[in-house]
Student: 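This is the structure I have questions about; it appears just below.
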Protein chains: 2
Amino acid sequence: MLYSYYLETYIMKKIPNIYNANCPTRLILDRIADKWTVLIIGQLSSGTLRFNELKRSVPGITQKMLTQTLKGLERDGIIVRKIYATVPPKVEYTLTKLGKSLIRVVEAIRTWAETNVKDILQSQAKYDSKF
Amino acid sequence: MLYSYYLETYIMKKIPNIYNANCPTRLILDRIADKWTVLIIGQLSSGTLRFNELKRSVPGITQKMLTQTLKGLERDGIIVRKIYATVPPKVEYTLTKLGKSLIRVVEAIRTWAETNVKDILQSQAKYDSKF
DNA sequence: CCGCATCCTATGAGATACTG
DNA sequence: CAGTATCTCATAGGATGCGG
């Protein structure tokens with residue numbers, strides 16, 4: 001079941017189906033579109049961080065959302081979680097190779113966004129002024 | 001107010017602040033991460049379509065979400081809306097130049113997603129099997 | 001044909017309090 | 001320190017019915 005999309009498209013040689021909720025593009029969009037994911041990856045891009053270091057470096061994030069997002073990222077293989085059985089406990093989060101390659105994707109989006117933000121904001125202002 | 005981010009970063013020469021909700025990257029992520037936006041842009045990439053043509057070509061979309069998404073895209077200057085004062089009414093939607101350039105961004109995401117989906121799904125399966 | 005208005009529900013996400 | 005658990009509220013999104 002987990003592999004249904006993969007089976008469909010890669011093994012059975014069908015074309016990717018963007019309308020499928022398991023479509024890779026949708027999978028990635030849903031992940032990076034998350035409110036906090038990009039911020040967390042941004043912080044980890046400079047190196048390993050502990051839980052509370054991350055919490056402090058991402059302004060406004062709650063413990064719940066940090067935990068939740070980190071779990072999802074670990075599940076996707078984008079970060080690794082290393083636990084030290086010390087007192088007090090210590091947990092480190094590091095980007096994997098996969099996670100590091102994701103930085104470039106976000107950069108591409110940022111480049112497009114920054115070159116076009118002026119047009120978009122102007123279009124929005126023009127649209128809104130009609131009402 | 002609408003231009004606050006733009007003023008801050010481009011006119012006042014400050015660096016982009018990804019933590020600001022008006023940050024261009026966040027603006028674009030929020031737009032393309034929308035459940036339907038990518039699908040609609042995908043359909044329009046092959047040419048102009050009418051409202052009900054779009055509705056039929058995007059399986060599962062409701063009238064509400066189609067209207068809502070199209071409005072947002074028009075507001076952002078990504079599509080243009082042309083109304084024909086006929087009976088029955090006819091409304092056509094077409095990608096703007098800006099909208100067409102967005103296709104390439106989505107393609108970049110798709111490329112990354114498709115090259116890495118296998119690893120991600122395997123990581124997820126491995127993670128889930130632990131519990 | 002192309003919507004808008006309304007109601008309803010599920011999920012997302014913040015605040016708060018508690019534990020190994 | 002690094003979480004979990006629960007409560008609550010806001011929003012997104014689906015279903016349905018009406019209107020120009």
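In what follows, every chain begins at residue 1, and chains take the letters A, B, ... in the order their sequences are listed. The structure presented is a predicted model; accordingly, all values stated were derived computationally and were not measured.
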Student: Considering non-hydrogen atoms only, spot the tightest contact between A/T37 and A/I32 and give its length.
Tutor: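 Shortest heavy-atom separation between A/T37 and A/I32 comes out as CG2-CA, 4.3 Å.
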Student: Determine to 10° how strongly the helix from C/dC1-D/dG20 to C/dG20-D/dC1 is bent, judged from the axes of its five-pair ends.
Tutor: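 One end's axis against the other's: 50°.
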Student: If every non-hydrogen atom of A/S123 is compared with every non-hydrogen atom of B/R75, which pair is closest and at what distance?
Tutor: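 Shortest heavy-atom contact: OG-O, 2.8 Å.
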Student: Considering only heavy atoms of chain A and a distance under 4.0 Å, specify the first and last nucleotide of DNA chain D in 5' to 3' order that meet this criterion.
Tutor: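 Under 4.0 Å from chain A, the extent on DNA chain D is D/dC1 to D/dT4.
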Student: Give me the atom names and distance for the closest heavy-atom approach of B/L98 to B/S101.
Tutor: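 The pair with the smallest heavy-atom distance is O-OG, 2.7 Å.
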Student: Which heavy-atom pair separates B/I41 from B/L95 by the least distance, and what is that distance?
Tutor: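 What the structure gives for the nearest pair is O-CD1, 4.1 Å.
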Student: For residues 79-87 of chain A, please give each side-chain donor-acceptor pair under 3.5 Å, one per line with the distance, not counting sequence neighbours.
Tutor:
from: A/R81; atom 1: NE; to: A/Y93; atom 2: OH; distance (Å): 3.1
from: A/Y84; atom 1: OH; to: A/E92; atom 2: OE1; distance (Å): 3.1
from: A/T86; atom 1: OG1; to: A/P88; atom 2: O; distance (Å): 2.9

Student: Among residues at least two apart in sequence or on other chains, which ones pass salt bridge (Lys or Arg N to Asp or Glu O under 4.0 Å) with A/R31?
Tutor: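 Counting only residues at least two positions away or on another chain, A/R31 forms a salt bridge (Lys or Arg N to Asp or Glu O under 4.0 Å) with A/D76.
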Student: Side-chain polar contacts of residues 59-74 of chain B - donor-acceptor pairs under 3.5 angstrom, sequence neighbours left out - could you list them?
Tutor:
from: B/T62; atom 1: OG1; to: B/M65; atom 2: N; distance (Å): 3.3
from: B/T67; atom 1: OG1; to: B/Q63; atom 2: O; distance (Å): 2.9
from: B/T69; atom 1: OG1; to: B/M65; atom 2: O; distance (Å): 2.6

Student: Taking all non-hydrogen atoms of both residues, which atom of A/S45 and which atom of A/I103 are closest, and how far apart?
Tutor: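 The answer is CB-CD1, 3.4 Å.
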Student: Can you confirm whether B/F51 sits close enough to B/L54 that some side-chain heavy atom of one is under 4.5 Å from a side-chain heavy atom of the other?
Tutor: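 Side chain of B/F51 against side chain of B/L54, heavy atoms only: no contact under 4.5 Å found.
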Student: What pair of heavy atoms forms the shortest contact from B/Q124 to A/L27, and how long is it?
Tutor: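 Closest approach of B/Q124 to A/L27: NE2-CD1, 4.3 Å.
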Student: In B/S/- notation, 5' to 3', how is nucleotides 1-18 of chain C contacted by protein heavy atoms closer than 4.0 Å?
Tutor: BSBB--------BBB---
